[in-house]
Trainee: 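Pasting a structure below so you can have a look.
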Amino acid sequence: MPELPEDETTKRGITPYILNQTISALIVRQSKLRLPVTEHIHQLCQGQNILDVKRRGKYLLLTLRDGTLLIHLGMSGCLRIEHQYTPARKHEHISMHLNNETSLRYSDPRRFGLWLYLTENPFQHKLLQSLGPEPLSDDFNERYLYKKASGKKQCIKSFIMDSHVVAGIGNIYATESLFLSGIHPLTPAGALSKESCMTLTIVIKKILQNAISVGGTTLRDFYSSNGKPGYFSLSLLVYGRKGLPCLRCNSLLLSVPIACRQSVFCPTCQFFPHDIT
DNA sequence: CTCAGATCCTGTGCGC
DNA sequence: TGCGCACAGGATCTGA
């Protein structure tokens with residue numbers, strides 16, 4: 001379940017192995033992902049150097065000479081560095097062999113991921129163009145959130161998970177952020193005070209930053225191992241703890257389904273703003 | 001336009 | 001022990 005910190009960790013983990021290397025072969029075993037893998041992607045990439053590795057939201061971008069590889073890990077995708085000669089594992093849909101005797105392996109059991117080869121400016125592609133600001137950038141601040149949420153009846157949890165509002169926040173970090181901000185997940189986005197928007201933006205930045213720094217401690221796992229980024233060692237305060245006592249006040253944590261996602265919250269620590277009740 | 005809910009897919013973990 | 005089913009979720013699509 002990669003969210004932004006896992007994608008950033010992945011980016012940092014693979015970059016040293018693939019930057020400035022030449023793609024000697026790209027093997028696609030399964031092209032049915034969220035969108036079909038670009039046709040003839042093998043011929044398009046072969047022989048090109050990887051000039052840069054970037055991240056935008058949950059998308060990774062490998063800049064090549066004549067185009068860009070746009071990669072999304074979906075919810076079960078993972079990238080790993082392996083020796084070129086090791087056999088593909090189950091669900092390893094794409095292997096990118098490099099000229100330094102390593103290869104980048106993409107596995108994705110649930111196939112919600114994405115591999116596209118773009119020749120145009122990738123940031124003008126519709127998938128990236130419509131993305132909201134990076135949550136760790138200065139563009140994501142309380143003024144932006146307050147203005148964007150103004151008049152919205154949509155609940156705040158769905159709102160911050162909408163990548164067009166802010167890029168890269170999934171169920172785990174949305175759930176944790178709202179708990180730490182003391183905001184009930186069903187609060188209409190437009191009902192948040194300026195103060196709540198400030199708290200929420202600060203908490204989101206802090207929690208993402210923290211998760212990235214934790215992920216950074218497991219970077220070596222990207223080489224010849226299971227490649228699982230480090231969020232498993234993150235201490236989650238509410239996510240996955242439905243029915244267990246709140247670590248702050250001991251109330252039993254509740255859960256409501258929001259857009260088919262479990263949303264765990266503390267009925268005591270998280271409340272609706274007074275002005276809408 | 002807005003927003004809630006369904007949808008894609010398969011491994012995991014639970015109950016019986 | 002083994003089977004079957006509910007559940008997990010990012011982003012998009014549908015329909016009210």
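Per chain, numbering begins at 1; letters A, B, ... match sequence-line order.
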Trainee: May I have the distance from A:Lys152 (atom NZ) to B:dC3 (atom C1'), rounded to whole angstrom?
Mentor: 10 Å
Trainee: What is the distance, rounded to the nearest whole Å, between atom CD of A:Gln154 and atom C1' of B:dG5?
Mentor: 12 Å
Trainee: CG of A:Leu73 versus P of C:dG9: gap in Å, rounded?
Mentor: 17 Å
Trainee: Taking A:Glu176 for the side chain and A:Ile172 for the main chain, is one N or O donor matched with an acceptor at less than 3.5 Å?
Mentor: no
Trainee: When every nucleotide of nucleotides 11-16 of chain C is labelled 5' to 3' by its protein contacts under 4.0 Å (heavy atoms), B for base, S for sugar-phosphate only, - for none, what sequence of letters results?
Mentor: BS----
Trainee: Roughly, in whole Å, what's the span from CG in A:Leu186 to C1' in B:dA4?
Mentor: 12 Å
Trainee: Please state how far atom OH in A:Tyr173 lies from atom P in C:dG10, giving the value in whole angstrom units.
Mentor: 11 Å
Trainee: Do the ring planes of A:Phe265 and A:His184 sit parallel (below 30°), tilted (30 to 60°) or perpendicular (above 60°)?
Mentor: tilted
Trainee: Please work out which of the three classes, parallel, tilted or perpendicular, describes the rings of A:His91 and A:His93, given edges at 30° and 60°.
Mentor: perpendicular
Trainee: Scan side-chain atoms only and decide if A:Asp108 and A:Ser76 contain a donor-acceptor pair under the 3.5 Å cut-off.
Mentor: yes
Trainee: Measure CZ/A:Phe159 against C1'/B:dT2 and give the value in whole Å, please.
Mentor: 12 Å
Trainee: Indicate for each nucleotide in nucleotides 9-16 of chain B, in 5' to 3' sequence, whether protein heavy atoms under 4.0 Å reach the base (B), only the sugar-phosphate (S), or nothing (-).
Mentor: BBS-----
Trainee: What is the distance, rounded to the nearest whole Å, between atom CG of A:Leu33 and atom C1' of C:dG10?
Mentor: 14 Å
Trainee: Go through the side-chain N and O atoms of A:Ser103 and A:Arg105 and say whether any donor and acceptor fall under 3.5 Å apart.
Mentor: yes
Trainee: Establish, from distance only, whether the side-chain atoms of A:Ser158 and A:Arg261 form a donor-acceptor pair under 3.5 Å.
Mentor: no
Trainee: Strictly by modelled atom types, are A:Thr199 and A:Ser196 linked by a side-chain donor-acceptor pair under 3.5 Å?
Mentor: no
Trainee: Between A:Glu6 and A:Lys58, does at least one N-O distance fall below 4.0 Å, as a salt bridge requires?
Mentor: no
Trainee: Quick check: closest heavy atoms across A:Leu62 and A:Leu104, and the distance to 0.1 Å?
Mentor: CD1-CD2, 4.4 Å
Trainee: Measure the distance from CD on A:Gln262 to C1' on C:dG9 and round it to the nearest whole Å.
Mentor: 12 Å
